[in-house]
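The first residue in the sequence is number 1, and the count goes up from there. As the structure is a prediction and not an experimental result, all values here were calculated from the model.
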Amino acid sequence: MRLLAYTPIHVDFAEFRRRQERYDALSPVGVSVVLRNIGPDAPRALDTEADVRASEVALAAAFRASDPDEFDGYLPDCVLDPCAEEADRFERPLYGLTRLTASFYASQGHRLGALARNAAIAAELDRRVAGYGIPAEPTVVMDLSFDDIADSRAWADAVTVHARALTCSVAINACSAVDLTGPRTTPLVVDPTATALRLLALRDELEPAS
């Protein structure tokens with residue numbers, strides 16, 4: 001399975017390379033992710049609702065402009081599952097990191113929650129999960145900066161503190177590009193990117209041969 005991913009924001013080369021290397025490390029055997037930078041016309045961060053909407057528009061245009069013959073599916077590099085409402089209009093299946101992760105843990109009987117770096121991301125994530133019909137408690141806001149995404153220590157410290165406000169059994173770490181390096185917490189905080197890629201690998205194995 002070869003997946004095309006776009007960053008939801010325009011990032012510099014160092015951050016782009018870090019994200020691609022993260023996909024390379026997390027992708028199970030049989031799954032590969034080709035990451036592309038969305039471009040300078042997209043937001044530099046998802047700090048407001050306007051940023052979220054602008055990012056979604058840019059991602060939809062990018063996927064439509066891609067060559068579908070090169071890929072088996074599309075994977076927005078974003079836990080907000082942008083473009084989910086129009087997934088059936090693309091040439092290839094569109095996979096959502098949060099939809100895959102939340103559906104899996106909910107099917108195991110877990111109560112879900114999430115941790116997000118800011119209020120705009122938390123609000124959109126809650127809207128998205130509710131749209132999937134998956135029960136979840138409100139996302140907890142950690143008030144982190146964009147730079148904290150690449151700072152595993154700062155993010156881990158924030159997760160350790162803010163996870164205590166959750167009553168769920170599993171919490172989604174609401175950023176696709178964060179390495180969870182801190183100690184195990186209660187609730188269990190999960191990486192949606194790693195989870196989604198493992199599930200896609202399993203899906204590919206279970207598909208009948210054509």
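Put simply, the residue from D126, L115, L112 that forms a side chain to side chain contact (heavy atoms under 4.5 Å, CB included) with T139 is D126. The only option from D77, T98, T193 that meets the side-chain hydrogen bond (donor to acceptor under 3.5 Å, both in side chains) definition with S176 turns out to be D77.
Annotation: the span from L199 atom CG to T101 atom OG1 amounts to 6.5 Å, rounded to 0.5 Å. With values rounded to the nearest 0.5 angstrom, I38 atom CD1 is found 10.5 Å from R36 atom CZ. Of the inter-residue distances, the one linking I149 atom CD1 with C175 atom SG reads 4.0 Å to the nearest 0.5 angstrom. One distance of note links CD of E56 with CG of D81; it measures 10.0 Å at 0.5 Å rounding. Here the CG-OH distance, from L100 to Y132, works out to 8.5 Å after rounding to the nearest 0.5 Å. L202 CG to L197 CG: the interatomic distance, rounded to the nearest 0.5 Å, is 12.5 Å.
Between the side chain of R2 and the backbone N or O of F71 there is no donor-acceptor pair closer than 3.5 Å. For D179 (side chain) and S152 (main-chain N/O), no donor-acceptor pair under 3.5 Å exists by modelled atom type. Of the possible polar contacts, none joining the S66 side chain to the P68 backbone as a donor-acceptor pair under 3.5 Å is found. Remark: the backbone N or O of D51 is not paired with any side-chain donor or acceptor of S55 at under 3.5 angstrom. Using a distance-only test at 3.5 Å, with no hydrogens or angles considered, no donor-acceptor pair links the side chain of R198 to the main chain of P28. At distances below 3.5 Å, at least one donor-acceptor pair connects side-chain atoms of S169 with backbone N or O atoms of R111. No donor-acceptor pair closer than 3.5 Å links the side chain of E15 to the backbone N or O of H10. In this structure, the side chain of E137 does not engage the main chain of G113 through any donor-acceptor pair within 3.5 Å.
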message: Could you walk me through whether N173 and W155 satisfy the side-chain contact (heavy atoms from CB on, under 4.5 Å) test, starting with their C-alpha distance in whole Å, then the side-chain angles of each, then the deciding distance to 0.1 Å, before giving a yes or no?
response: CA-CA 10 Å; N173 186 63; W155 197 283; 2.7 Å; yes
Check: Checking side-chain contact (heavy atoms from CB on, under 4.5 Å) for the pair V34/Y23: CA distance, chi angles, key distance, verdict?
Finding: CA-CA 8 Å; V34 176; Y23 275 114; over 6 Å; no
Legend entry - Audit row: I134, S103, side-chain contact (heavy atoms from CB on, under 4.5 Å) steps and yes/no: CA-CA 7 Å; I134 300 173; S103 298; 3.6 Å; yes
*Kindly determine whether V161 and V159 satisfy side-chain contact (heavy atoms from CB on, under 4.5 Å), including the steps that lead there.*
CA-CA 5 Å; V161 171; V159 165; over 6 Å; no
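Between Y6 and F63, the distance separating the two ring centers is shorter than 6.0 angstrom.
With respect to R53 and E124, a salt bridge is recorded, a charged nitrogen being found less than 4.0 Å from a carboxylate O. For the pair D148 and R117, the salt-bridge criterion is not met [side-chain N within less than 4.0 Å of a carboxylate O]. Using a 4.0 Å cut-off between charged side-chain N and carboxylate O, R99 and E85 make no salt bridge. A salt bridge is absent between E49 and R127; no separation between the charged side-chain nitrogens and carboxylate oxygens falls under 4.0 Å. At a threshold of 4.0 Å, the pair R18-E21 does not count as salt-bridged, since none of the basic side-chain nitrogens sits closer than that to a carboxylate oxygen.
Cluster annotation: M142 is connected to L125 through the hydrophobic network of ILVMFWY side chains, with a link wherever side-chain heavy atoms come within less than 4.5 Å. By the criterion of side-chain heavy atoms lying less than 4.5 angstrom apart, applied directly or through intervening Ile, Leu, Val, Met, Phe, Trp or Tyr residues, Y105 is grouped together with V129 in one hydrophobic cluster. With hydrophobic clusters built from ILVMFWY side chains whose heavy atoms lie under 4.5 angstrom apart, V140 shares a cluster with L188. By the rule that hydrophobic residues join a cluster once side-chain heavy atoms approach within less than 4.5 Å of another member, M1 and L4 end up as members of separate clusters. One hydrophobic cluster, built from ILVMFWY side chains closer than 4.5 Å, holds both F104 and V31.
Closest approach of L46 and N118 over heavy atoms only: O-ND2, 2.8 Å. Nearest approach of L97 to L75, heavy atoms of both residues: CD2-CD1, 3.7 Å. Between V33 and Q20, the shortest heavy-atom distance links the atoms O-NE2, 2.9 Å. Heavy atoms only, all atoms of each residue included: L166 and A114 are closest at CD2-O, 4.0 Å. V141 and A122 make their closest contact through CG2-CB, 3.7 Å (heavy atoms, listed as atom of the first residue, atom of the second, distance). Taking both residues in full, the closest heavy atoms of L80 and I121 are given as CD2-O, 3.6 Å, listed atom of the first, atom of the second, then distance.
The neighbour count for E86 CD, taken as heavy atoms of other residues, nucleotides or ligands under 6.0 Å away, is above 12.
Considering only heavy atoms from C-beta on, R22 comes within 4.5 Å of D191 through its side chain. By the 4.5 Å heavy-atom criterion applied to side chains, C168 and P187 are counted as neighbours.
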